[in-house]
Amino acid sequence: MSHELPKTYDPSAIEVRWAEYWVTEKLFSVQTPEPGSPESAKPIFTLLLPPPNVTGRLHMGHMLNQTEMDIITRWQRMRGFTALWLPGTDHAGIATQMMVERQLATEGKSRQGLGREAFLQRVWEWKKHYGGAIQAQMKRLGASVDWDREYFTMDENLSRAVIECFVRLHEQGLIYRGKYIVNWCPRCMTAISDLEVVHEDFAGKLYEFRYPLADDPKQFVTIATTRPETMLGDTAVAVNPKDERYKKRVGKKLRLPLMDREIPIIADDFADPQFGSGAVKVTPAHDPNDFAIGLRHNLPQINVMDDQARINENGGPYKGLDRYEAREKVLRDLEELGLLAGIKDHTLAIGKCDRCKTIVEPRLSTQWFIKIQPLADRAIEAVEKGEIKFTPENYAKTYFEWMRNIHDWCISRQLWWGHRIPAWHCQGCSHITVARTAPAACEKCGGAKVTQDNDVLDTWFSSGLLPFTVFGWPEKTRDLDVFYPTMLLITGFDILFFWVARMIMLGCHFMADHKQGSVPFKNVYIHALVRDADRQKMSKTKGNVIDPIEVTEKYGTDAVRFTLASMASPGTDIAFSESRTDGYRAFANKIWNAARFMFMNLDRVEGASLTASAKPEQHSKLENRWIYSRFHRVAGQVNQSLVDYRFDEAANTIYKFFWGEFCDWYLEIIKPALSGAPEEARDAVTLLGDLFEGSLRLLSPFMPFITEEVWHAMYEGKPPAKSIALAQYPELDQRRLNDQAEEQMLVLQDLIEKIRNMRAEMKVEPKVKTPVKIHAAAEVTKLVTENRGMVERLASVDGIEFVSQSLAQRPGARSTPKFEVALVYEQKIDVAAERERLTKDLTKLEGELANADRQLGNQQFLAKAPAPVVEGIRRRQGELHTLIEKGKAALAKLG
RNA sequence: GGGCGGUUAGCUCAGCUGGUUAGAGCGCCUGCCUUACAAGCAGGAGGUCGCAGGUUCGAGUCCUGCACUGCCCA
């Protein structure tokens, strides 16, 4: 039989097969719909994969991100959208260059030794060999992306678009070149942006120096610094203009020790009279604040370090020393001169390079910048006006906070791997020609000797353009018309500024006249961080990194995906625990076995078919009306949860339905029908198949592998579509909702559970069936009578007797507002335990009644609370009275 | 220093615009190999919702303060 499943659920056996199938069959490739074609009538859903670094390996953060994206994309696709999820890879300037340099180092080679051309060749080779790791992992995890459209940020067309953007921004006066203090990484030997600097508290020292007055070396001004070596580049000492202590000294000169240079005492508000001596040394070439002071006072800028943070020729005798060697020597020398006034412990924040953790040196250098304010203004507006929505909403605040305090963006990097800046320097007149292609001559003097700028662009510049460059911009393509703006961006908050904000700025700028709006995406869903089970951040040094592929191989991709989805509630980090994943593997196993049960019955029942249509009379059975009602209600809830990006709610809703209702109740209820008369059995199989198939579709975006496997098995190799992923997503059908059936089932479930509970309490042997007595209103008696078989089977009951007198006082009996039930069983009950149970119940009920009485006795409550609430409490009050009465009587009877 | 979150069962987390008995998974206890599933089934124990005030007929939910804790930015 082709629909037979192996006895044990082995995820690895089925997952690899389907992962390959989805890729080779190109199931998720999207053709750009032609105008006027039927396809063009479908709504469009576009989603851009945040491109992982080409050097990257998949980590749990990626897996969470991709799981969420895949769930949404599969769901939208099944709902009838043209769903395009576009994958790509980022060239990752610094990271990749470092990687290849490290590789070269093991061969005793260096980037400089190789030269630019040969080095880039090497990087491309490296990319060819090692660059596809993440894509391979994504394919294994079944990400439903369109692999035919995969891009790399250094692809020729994308590179052309990057150059085009740079040139246009330059033409518009939004890119300039200037000398500024930048964060300089002496190891990477490049400038890095503010965002690439991570600050850390560091237990350092605060050193106090005495600078002698030029005209009176016996008198001093004391200054404090945490970086003594920068004094070599001091060009002033600043004091606050309001500081009385220094008023008469402003304008005088100091003699800078060691360098033997005269520097002025200047007045500037930056100097804080409360801090240290109130006087502060000014080093315009090595500190951003000092740089600003220097500009205000027209001070010289003396750069005393080279690109590896060694003292350069401006540092006189210290030339050639590393910055920290220089620090020691400066301190020794000053001490010898008696000018070292003190050393204190001082905690300071130091900046480290995000990539290599080297301490960053603020350093004056010439870089390219983007004038950000005009772009930021529009980007702020786009979010304010609701053109872009953040989920969770409060990330908009964080976004505004940053955007309103934004600084110009340093976009040049002193690297070789990346998009080289399209600017050519004239050897003759030093003019810089910015152009799309290499100019034959300088645009100013006509000189033929022009050389291209050595720098490349910040990686985030090119990735910030992706939402439109991936669709062929600057050409006016149909893709751009159809797919821009993207519908959604799903990413982590860690790249909110790096990437999200930049895409908004650049998208709004370059797509200003797009007919569907300029913003690059309409919604941003920010997800949490994945931590380990102890809420620790995963890091290599801690050794607590969970490899998604490893955990996937252990539990199955479906289980890992479901874990991540079910824990992805907005605003909280995910503490990933394997015990939870283990639980969801059990869920997958449950699905598997339920499927086996279905197939087993299909084979056993003659003439049964899973795909026939059900006879209407089947719906006369309560359990069928009930389960269809539940299914549709659940489908409605799941769809709504996904609209709200509540992956956790959606996952938990399906889980509870499938396990808690479909398997635990429905399958158990229909077992007799399945082995009943042929007609009845055939109908039962048909309904079972129908519900199962619907449940699989409902589950498919969350657990694509197991649902695909079972779904194909159901159709015995002749499925209505190539994949369940192309089938339709279940929607709520109002006509299937049946409140009465749901209420009635709740009564029966409650009855069955009460009987089971009594049996457990009286320690009835599991195999022994017992008669029960039930006292209930006519309506409930009728309900139980009609479903007598269900109750008897599921509660191990042997005969139900309906009695007219109350059973409440029978030892061990259970009373509810709907019925009283007692077990007919010759066994002494444990009086003490029974008393305890009754007392406990009573206490709870009395507490609740007191509460209800208090509320109903309160005129304000009656006047102000909505009628349904009052009614509900009133009804409950009645029930409580009865239940308490019965409880008390039972207790009294116990003696 | 500025900003944003979190504190609910032993653990990890839900709890939507305030409304009748605060839920789930894992773990724990008891009993079951009931022919789909022991990766299972059935039953059960376990919570003064961080603390103190306030608003309200009514607060886990809203407000204020405090404590602890995490993150982002400088």
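We name chains A, B, ... by the order of the sequence lines, and we start the count at 1 in each one.
- Nucleic acid contact for A/Pro866: base, since at least one base atom lies under 4.0 Å from a heavy atom of the residue.
- Between B/G53 and B/U17, the distance separating the two C1' atoms is 26 Å to the nearest Å.
- For the pair A/Lys844 and A/Asn757, both in contact range of RNA chain B, the more 5′-proximal nearest nucleotide belongs to A/Lys844.
- As judged by a 4.0 angstrom heavy-atom cut-off over every strand, A/Ser579 is placed among residues touching the sugar-phosphate backbone only.
- Here the side chain of A/Glu846 pairs no donor or acceptor atom with the backbone of A/Ile884 at under 3.5 angstrom.
- Annotation: B/C51 and B/G43 have their C1' atoms spaced 38 Å apart (nearest Å).
- Rounded to whole Å, atom P of B/C57 lies 13 Å from atom CD of A/Gln859.
- Across the protein-nucleic acid pair, A/Arg759 atom CZ and B/A42 atom P stand 14 Å apart, rounded to whole Å.
- Spacing between B/G5 and B/G50 at atom C1', rounded to whole Å, works out to 15 Å.
- The separation between A/Met567 atom CE and B/C26 atom C1' is 10 Å, rounded to whole Å.
- Rounded to a whole Å, the CD1 atom of A/Ile884 is 13 Å from the C1' atom of B/U21.
- Within 4.0 Å (heavy atoms only), A/Arg580 reaches at least one base atom of the nucleic acid.
- Each of A/Gln860 and A/Lys840 was assigned the nucleotide of RNA chain B with the nearest heavy atom; the assignment lying further toward the 5' end belongs to A/Lys840.
- Out of B/G19, B/C57, B/C73, the shortest distance to the side chain of A/Phe497 is found at B/C73.
- The C1' atoms of B/U55 and B/U8 are separated by 23 Å, rounded to the nearest whole Å.
- A distance of about 12 Å separates the P atoms of B/G47 and B/A22, rounded to the whole Å.
- For the ring-ring contact (aromatic ring centres under 6.0 Å, His included) test with A/Phe692, the passing option among A/Trp711, A/Trp592, A/Phe658, A/Phe599 is A/Phe658; the others fail.
- Using a 4.5 Å heavy-atom threshold, the side chains of A/Arg793 and A/Lys769 count as separate.
- When the C1' atom is compared between B/A24 and B/C63, the two are found 31 Å apart, to the nearest whole Å.
- Of all the heavy atoms in A/Asn593 and A/Lys7, the pair that sits closest is OD1-O, 4.2 Å.
- A straight line from CH2 of A/Trp499 to P of B/C72 spans 20 Å, rounded to a whole angstrom.
- Checked by atom type and distance alone, the side chain of A/Asp644 never pairs as donor or acceptor with a backbone atom of A/Arg646 at under 3.5 Å.
- Distance from the side chain of A/Ala865 is smallest for B/G19 among the nucleotides B/G43, B/G19, B/A45.
- The partner of B/G25 is B/C11, judged by Watson-Crick or G-U wobble contacts that both fall below 3.5 Å.
- Here the P atom of nucleotide B/G43 and the CZ atom of A/Arg837 are 15 Å apart, to the nearest Å.
- Between A/Tyr555 and A/Tyr584, the distance from one ring center to the other does not fall under 6.0 angstrom.
- Computed from coordinates, the A/Glu846 CD to B/U20 P distance equals 21 Å when rounded to whole Å.
- Tested against A/Val772 for a side chain to side chain contact (heavy atoms under 4.5 Å, CB included), the candidates A/Val791, A/Asp798, A/Ile755 yield a single pass: A/Ile755.
- Residue-level contact check: A/Glu753 touches the backbone only, with heavy atoms under 4.0 Å from sugar-phosphate atoms and none from bases.
- To the nearest 0.5 Å, atom CZ of residue A/Phe587 and atom OG of residue A/Ser566 are 10.5 Å apart.
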Protein and nucleotides 29-39 of chain B: nitrogen or oxygen contacts under 3.5 angstrom:
| residue | atom | partner | partner atom | Å |
| --- | --- | --- | --- | --- |
| B/A36 | OP1 | A/Lys671 | NZ | 3.4 |
| B/A36 | O2' | A/Asn593 | OD1 | 3.0 |
| B/A36 | O2' | A/Arg596 | NH1 | 3.0 |
| B/A36 | N7 | A/Lys671 | NZ | 3.4 |
| B/A36 | N6 | A/Glu668 | OE2 | 3.3 |
| B/A36 | N3 | A/Asn593 | O | 3.2 |
| B/A36 | N3 | A/Ala594 | N | 3.2 |
| B/C37 | O4' | A/Asn593 | OD1 | 3.1 |
| B/C37 | O4' | A/Asn593 | ND2 | 3.4 |
| B/C37 | O2' | A/Asn589 | ND2 | 3.1 |
| B/C37 | O2' | A/Asn593 | ND2 | 3.3 |
| B/C37 | O2 | A/Lys590 | NZ | 3.1 |
| B/C37 | N3 | A/Lys590 | NZ | 2.8 |
| B/A39 | O2' | A/Asn589 | ND2 | 2.8 |

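- Nucleic acid contact for A/Asn652: none, since no nucleic acid atom lies under 4.0 Å from a heavy atom of the residue.
- Separating the C1' atom of B/C66 from that of B/C11 is a span of 28 Å, rounded to the nearest Å.
- We find that CZ of A/Phe861 is positioned 10 Å from P of B/U20, with the value rounded to whole Å.
- Residue contacts for A/Gly872: at a heavy-atom cut-off of 4.0 Å it reaches a base atom on one of the strands shown.
- Ring geometry for A/Tyr525 against A/Tyr645 counts as tilted: the plane angle lies between 30° and 60°, on a 0 to 90° scale.
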